[in-house]
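Residue numbers begin at 1 in each chain, while the letters A, B, ... track the order of the sequences. Values below: all heavy atoms of this structure, side chains included; hydrogens, waters and symmetry mates excluded.
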Amino acid sequence: MPELPEVETTRRGIAPHCENRTITQVTVRDGRLRWPVPGNLAELLEGAVIHTVDRRAKYLLIGVSSATVAGSLIVHLGMSGSLRVITDQSEPLLHDHVELALDNGIRLRFNDPRRFGCWLWSETPDQHPLIASLGPEPLAPEFTGRMLYRLSRGKKTPVKSFIMDNHVVVGVGNIYANEALFKAGIHPRRAAGRISLDRYNRLVNAIRETLSAAILMGGTTLRDFVNSDGKPGYFAQSLLVYGRSGEFCPECGHPLKEIRMNQRSTVYCSKCQR
DNA sequence: AGGGCCACCTGCGAGC
DNA sequence: TGCTCGCAGGTGGCCC
């Protein structure tokens, strides 16, 4: 479910409620996530203070410290996860696996039906194997067309796979890869190594524009994404090609095509994208 | 070494 | 109505 805009929307939603709050209780109802939730999580966190809520790629990094521990929770929402701010006394529902109670009476509740998400703990999150080898953030200045151009020389891999590779750039998932390639006029199957610098500059702009616009609209809700208030995102109505196979291209009116690449739905216009 | 594919898991809609 | 099938926003790890 969540791509970078959805994770950023979640971060912005929870941060004001968590920062500088003390964790009073940790509840793990089902620790069988992608990796087991550490058994000593409550021991580590209860009584500690949350000082930061950051994002790296699609990971939320919740910085926590106390007299005895200092480190970060590494939280990933997987395909179906959501983090909600609970202000009332509502009972947990099915798939509400992890919960943090804070000293302001608010609870942070993690729901994840498919359990592809994770809750890990690290004292040195920057060096954690899941984080250390990630490529640049798509909205950071070091992500440039020149960088993509250089990295892609000699690569036969399709450009869509290339920009979805976390070592190249993080945070470009299936929806936004489709959208950005359409905006840039690049065919998703084109070999990454056979794209000009000029076109990579356009692609970088398209990725930035697409992700920024989605963040401004609170992310994309297709079926079930909800933000930290339990509300949907509104970028779905702005999607140009994703989920629109068979509809007419918004640029030229030609019917949009759908193919599968790496078992993922890939929608494009065969006239506008080369 | 690099690239492609599977697996992890539940829920839902389509089609029979 | 109720079953089965295929598909879903991610990504580490395995195999070729």
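Closest contact between the side chain of Gln263(A) and the listed nucleotides dT10(B), dG10(C), dC6(B) involves dC6(B). Candidate nucleotides dG11(B), dA8(C), dG4(B) were compared by shortest atom distance to the side chain of Arg260(A), and dA8(C) ranks first. Side chain of Pro113(A), nearest nucleotide from dG11(B), dG4(B), dG9(C): dG11(B). For Leu94(A), taking side-chain heavy atoms from C-beta onward, the closest of the listed nucleotides dG10(C), dG11(B), dG12(C) is dG11(B).
Applying the 4.0 Å criterion to OP1 and OP2 of dG4(B), one finds that Thr157(A) has a side-chain N or O inside that range. Checking the phosphate oxygens (OP1, OP2) of dG2(B), no side-chain nitrogen or oxygen of His167(A) falls inside 4.0 Å. The side chain of His76(A) places an N or O atom within less than 4.0 Å of a non-bridging phosphate oxygen (OP1 or OP2) of dT11(C). Distances shown here put a side-chain N or O of Lys155(A) below 4.0 Å from the OP1 or OP2 atom of dG3(B).
Between the C1' atom of dG9(C) and the CG atom of Leu4(A) lies a distance of 12 Å, rounded to the nearest Å. Rounded to a whole Å, the CE atom of Met261(A) is 14 Å from the P atom of dG10(C). Whole-Å rounding puts the Asn262(A) CG to dC7(C) C1' distance at 16 Å. The CG-P distance, from Asp165(A) to dG13(C), rounds to 15 Å in whole Å. Look at CZ on Arg34(A): it is 8 Å from C1' on dG13(C), rounded to the nearest Å. When rounded to the nearest whole Å, the span between CZ of Arg32(A) and P of dC8(B) equals 14 Å. Between His128(A) atom NE2 and dG12(C) atom P the separation is 11 Å, expressed in whole Å. Taking atom NZ of residue Lys156(A) and atom C1' of nucleotide dG4(B), one finds them 13 Å apart after rounding to whole Å.
A cation-pi contact, defined as under 6.0 Å to the ring centre and within 45° of the axis, is absent between Arg202(A) and Tyr200(A).
Pairing for dC15(C) goes to dG3(B), judged as Watson-Crick or G-U wobble with the two contacts each under 3.5 Å.
The backbone N or O of His167(A) lies less than 3.5 Å from a partner atom in the side chain of Asp165(A), making a donor-acceptor pair.
Two rings, from Tyr268(A) and His187(A), have their centers less than 6.0 Å apart.
Residue whose closest nucleotide on DNA chain B sits further toward the 5' end, between Pro158(A) and Arg264(A): Pro158(A).
Within the nucleic acid shown, Tyr176(A) has no heavy atom closer than 4.0 Å to any nucleic acid atom. The residue Ser265(A) sits close only to the backbone: its heavy atoms come under 4.0 Å of sugar-phosphate atoms, none of a base. Heavy atoms of Leu239(A) sit nowhere under 4.0 angstrom from any nucleic acid atom. Arg115(A) comes within 4.0 angstrom of sugar-phosphate atoms only, judged by non-hydrogen atoms across all strands, and of no base. Note on Phe162(A): nothing from the nucleic acid sits closer than 4.0 angstrom, heavy atoms only.
Judged by distance alone, with hydrogens and angles left aside, Arg114(A) brings a side-chain donor or acceptor within reach of the base of dC9(B), the pair sitting under 3.5 Å.
A side-chain N or O of Glu258(A) and one of Ser265(A) form a donor-acceptor pair less than 3.5 Å apart. A donor-acceptor contact under 3.5 angstrom links the side chains of Lys160(A) and Asn174(A), judged on distance only.
Put simply, Phe116(A) rests on the base of dC8(B): the two rings are less than 5.5 Å apart at their centres and nearly parallel, under 30°.
Residues Arg11(A) and Leu60(A) come closest through the heavy atom pair CB-CD2, 3.6 Å.
Between dA1(B) and dT11(C), the two P atoms lie 25 Å apart (nearest whole Å). Rounded to a whole angstrom, the distance from the P atom of dC9(B) to that of dC3(C) is 23 Å.
Around atom CZ of Arg146(A), no more than 12 heavy atoms belonging to other residues, nucleotides or ligands sit under 6.0 Å away.
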